[in-house]
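Written out below as structure tokens is the structure these notes cover.
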Amino acid sequence: MRQNIVAGNWKMNNTLEEGVTLAKEVNEILKANKPNCKVVLGTPFIHLSEAVKAVDCDVIGIAAQNCADKVSGAYTGETSAAMVKSTGAQYVILGHSERRAYYGETNAILKEKTDLALANDLTPIFCIGEVLEEREADKHFDVVKTQIEEALFHLSPEAFGKVVLAYEPVWAIGTGKTASPEQAQEIHAFIRQTLADKYGAEVADNTSILYGGSCKPSNAKELFANPDVDGGLIGGASLKAEDFHGIIAAF
Ligand code: 13P
């Protein structure tokens, strides 16, 4: 059975102290209000081990926002999947559109990162999504299909079964412009069909597909109500515990 998940992506926000405070606030809220979904906090690398310690609520997982495409060695400034794992984190966000756009991450690089994440027993939260021009040219289906094919379809069905997908239309990220529930359902259903064509209905049915892009307490319920939307990857609204909880409470 696929899991409903609400994952926060803090991006490059919060000092260590601020991050630990936020993680503790989310933890306290969820201890008092048991959620009906899995909750993940995606923190900067330096927060990971402290965030792991700050949450004692068994519904909260901790995610890195990236990992290296190399195992170890002379790669100054990089953080390996094994290092992420050693902090106690359980997830890693891969292929976020900001990493693709600003740091040149290609599907080929993301294939390596996915393999290393899985080899280190981390759950990849793998991001896909089109830019505005691609949506306007009606190319969004082809774009997400290629992203999935090139970065993930080398995986065995068993390995693919450990991956969480996050559809994030780039035009909706941080813009206040959300995909409509109909747009989200349409492309999530397409993504699930793409998985079914490759891996069969069971793997496709068991894959969690999250929506991301200006998701907030006021629109989460109608987005998550769609049969193929299994939760959200939340940027701005994950930086305030109350707002984040408002989204979690949509389940
Ligand atoms: P916003 O929720 O701020 O639009 O960001 C979405 C996102 O990029 C999550 O990864």
Side-chain angles (χ1 to χ4, degrees), residues 4-14 18-19 22-23 26 37-45 47-48 51 60-67 84 89-103 105 110 113-114 117 122-132 134-135 140 143-144 147-148 151 163-181 183-184 187-188 191 208-224 229-251:
N4 289 326
I5 303 170
V6 174
N9 176 6
W10 292 359
K11 307 192 179 182
M12 196 174 72
N13 292 293
N14 291 325
E18 289 163 350
L22 176 56
V26 173
C37 62
K38 179 83 189 177
V39 175
V40 177
L41 304 178
T43 83
F45 289 128
H47 297 61
L48 290 173
I60 305 180
I62 301 295
Q65 299 171 17
N66 181 27
C67 71
V84 170
Q90 307 89 359
Y91 296 81
V92 57
I93 298 168
L94 291 177
H96 192 280
S97 64
E98 288 149 17
R99 303 250 14 124
R100 293 177 188 261
Y102 307 145
Y103 302 98
E105 293 197 4
L110 293 168
K113 294 189 177 199
T114 302
L122 291 167
T123 299
I125 300 177
F126 193 90
C127 304
I128 53 178
E130 80 287 353
V131 299
L132 185 61
E134 291 164 338
R135 164 71 60 167
H140 45 297
V143 169
V144 298
Q147 289 170 336
I148 296 170
V163 174
V164 172
L165 288 179
Y167 168 68
E168 300 204 303
V170 181
W171 47 270
I173 295 177
T175 58
K177 208 172 154 190
T178 317
S180 68
Q183 284 173 320
I187 195 150
H188 280 232
I191 293 164
S208 297
I209 308 176
L210 315 184
Y211 167 80
S214 299
C215 190
K216 33 188 191 272
S218 58
N219 60 24
K221 219 181 174 94
E222 56 178 8
L223 284 162
F224 298 171
V229 179
D230 308 310
L233 183 56
I234 318 300
S238 73
L239 295 172
K240 289 212 172 77
E242 278 304 327
D243 288 349
F244 191 49
H245 181 244
I247 295 172
I248 293 163
F251 277 119

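Start at 1 and go down the list; that is how both ligands and their atoms are numbered.
- No side-chain heavy atom of Asn4 sits less than 4.5 Å from a side-chain heavy atom of Phe224.
- Inter-residue side-chain proximity for Gln90 and Thr123 is flagged as unmet; no heavy-atom pair is nearer than 4.5 Å.
- Here the side chains of Glu222 and Thr178 are not in contact, with every heavy-atom distance at 4.5 Å or above.
- Considering only heavy atoms from C-beta on, Leu41 stays 4.5 Å or farther from Ser238 through its side chain.
- In the vicinity of His96, heavy-atom distances shorter than 4.0 Å reach the ligand 1 atoms 7 (C), 8 (O), 9 (C), 10 (O).
- Remark: the backbone N or O of Cys127 is paired with a side-chain donor or acceptor of Arg100 at under 3.5 angstrom.
- Within the listing of ligand 1, atoms 4 (O), 6 (C) sit less than 4.0 angstrom from a heavy atom of Gly213.
- At least one N or O atom of Gly174 sits closer than 3.5 Å to an N or O atom of ligand 1.
- The protein atom (non-hydrogen) at minimum distance from atom 2 (O) of ligand 1 is Gly235 N, 2.9 Å.
- A donor-acceptor contact closer than 3.5 angstrom links the side chains of Glu168 and His96.
- You'll find the side chain of Cys67 stays beyond 4.5 Å of the side chain of Leu122, heavy atoms only.
- With a heavy-atom cut-off of 4.0 Å, Ala172 touches ligand 1 through its backbone alone.
- Counting protein heavy atoms only, atom 3 (O) of ligand 1 is closest to Gly236 N, 2.8 Å.
- In this structure, Lys11 has a heavy atom closer than 4.0 Å to ligand 1.
- Counting heavy atoms under 4.0 Å from ligand 1, residue Asn9 touches it through the side chain alone.
- Listed by number with element, the atoms of ligand 1 under 4.0 angstrom from any heavy atom of Glu168 are 6 (C), 7 (C), 8 (O), 9 (C), 10 (O).
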